[in-house]
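Side chains included, hydrogens not; waters and symmetry mates left out as well; all remaining heavy atoms used. Remember, predicted model here, so these are calculated numbers, not experimental data. The residues of the chain are indexed from 1 along the displayed sequence.
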Amino acid sequence: MSIDVVHGAHLPADAPRAFGRAFWRGLRCRCPNCGEGKLFTSYLKVTPACSVCGEDYTPQRADDAPPYFTIFIVGHLVVPPLLYVENHYSPELWIHFLTWIPLTALLCVLFLQPIKGAVVGWQWAQRMHGFDPTSDEARETKKLEAARLERLG
């Protein structure tokens, strides 16, 4: 039986998970379960398991959601000022290129990891993609992982 850790208390695996807390912890790139362990081993590589509470992250399937949300958010942050500057000052095109392209790239790089963490936290809180230890998907994921480890070692 899997155990969830919330503020140091052990809860049964089927206990409700607080969406807001898991989302916020993921946004901070921390374990959505305990809030202490790091969620990433590198920029976008999710750790296989939390180093503090042992929560398994192999079921996470963030896929294309983080880049989509990043583009959506950055677009809404960059386009209004770009249009304002163009309408009020009409700078040369090269000034737009030197201003908005680096700003857009920087914001995308800064936002992508926290957004991916938030998506993983969301999946964990909603017991999506095998984060429910009693689901068929979780059992299948564990079988596939065991077979992969057997082939490697």
Around atom [atom1] of [X], are there more than 12 heavy atoms of other residues, nucleotides or ligands at under 6.0 Å?
X	atom1	answer
Phe97	CZ	no
Trp100	CH2	yes
Asn87	CG	yes

Using only atom types and a distance under 3.5 Å, with no angle test, would you say the side chain of [X] pairs donor to acceptor with the backbone of [Y]?
X	Y	result
Arg17	Trp124	yes
Arg30	Leu27	no
Gln123	Met128	no

For [X] and [Y], work out which heavy atoms get closest and say how close.
X	Y	answer
Leu44	Lys116	O-NZ, 2.8 Å
Pro91	Glu86	CD-OE1, 4.1 Å
Thr47	Tyr57	O-CB, 3.2 Å
Ser42	Phe40	O-CB, 3.1 Å
Ala125	Ala22	CB-CB, 3.7 Å
Glu55	Cys31	CB-SG, 4.4 Å

- Message: Quick one, Glu36 and Cys53 - any side-chain contact, counting heavy atoms below 4.5 Å?
- Response: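 With C-beta onward as the side chain, the pair stays apart.
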
- Query: Do Pro59 and Asp132 touch side chain to side chain, with heavy atoms closer than 4.5 Å?
  - Reply: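 Counting from C-beta outward, Pro59 and Asp132 never come under 4.5 Å.
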
Would a hydrophobic clustering, with Ile, Leu, Val, Met, Phe, Trp and Tyr connected at side-chain separations under 4.5 Å, put [X] with [Y]?
X	Y	value
Leu106	Val85	yes
Leu93	Ile95	no
Ile115	Leu107	yes
Leu112	Val109	yes
Val46	Phe131	yes

Hey, can you pull the donor-acceptor pairs under 3.5 Å for the side chains in residues 65-79, sequence neighbours left out?
unit_1: Thr70; atom_1: OG1; unit_2: Pro66; atom_2: O; d: 2.7
unit_1: His76; atom_1: ND1; unit_2: Phe72; atom_2: O; d: 2.8

- Query: Given the rule in the side-chain contact (heavy atoms from CB on, under 4.5 Å) test, do Leu103 and Thr99 qualify, once you have shown the distances and angles that lead to the verdict?
  - Reply: CA-CA 6 Å; Leu103 177 63; Thr99 305; 5.6 Å; no

- Find the distance between NE2 (His129) and CG (Asp63) and round it off to the nearest 0.5 Å.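 So the NE2 of His129 and the CG of Asp63 are separated by 7.0 Å.
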
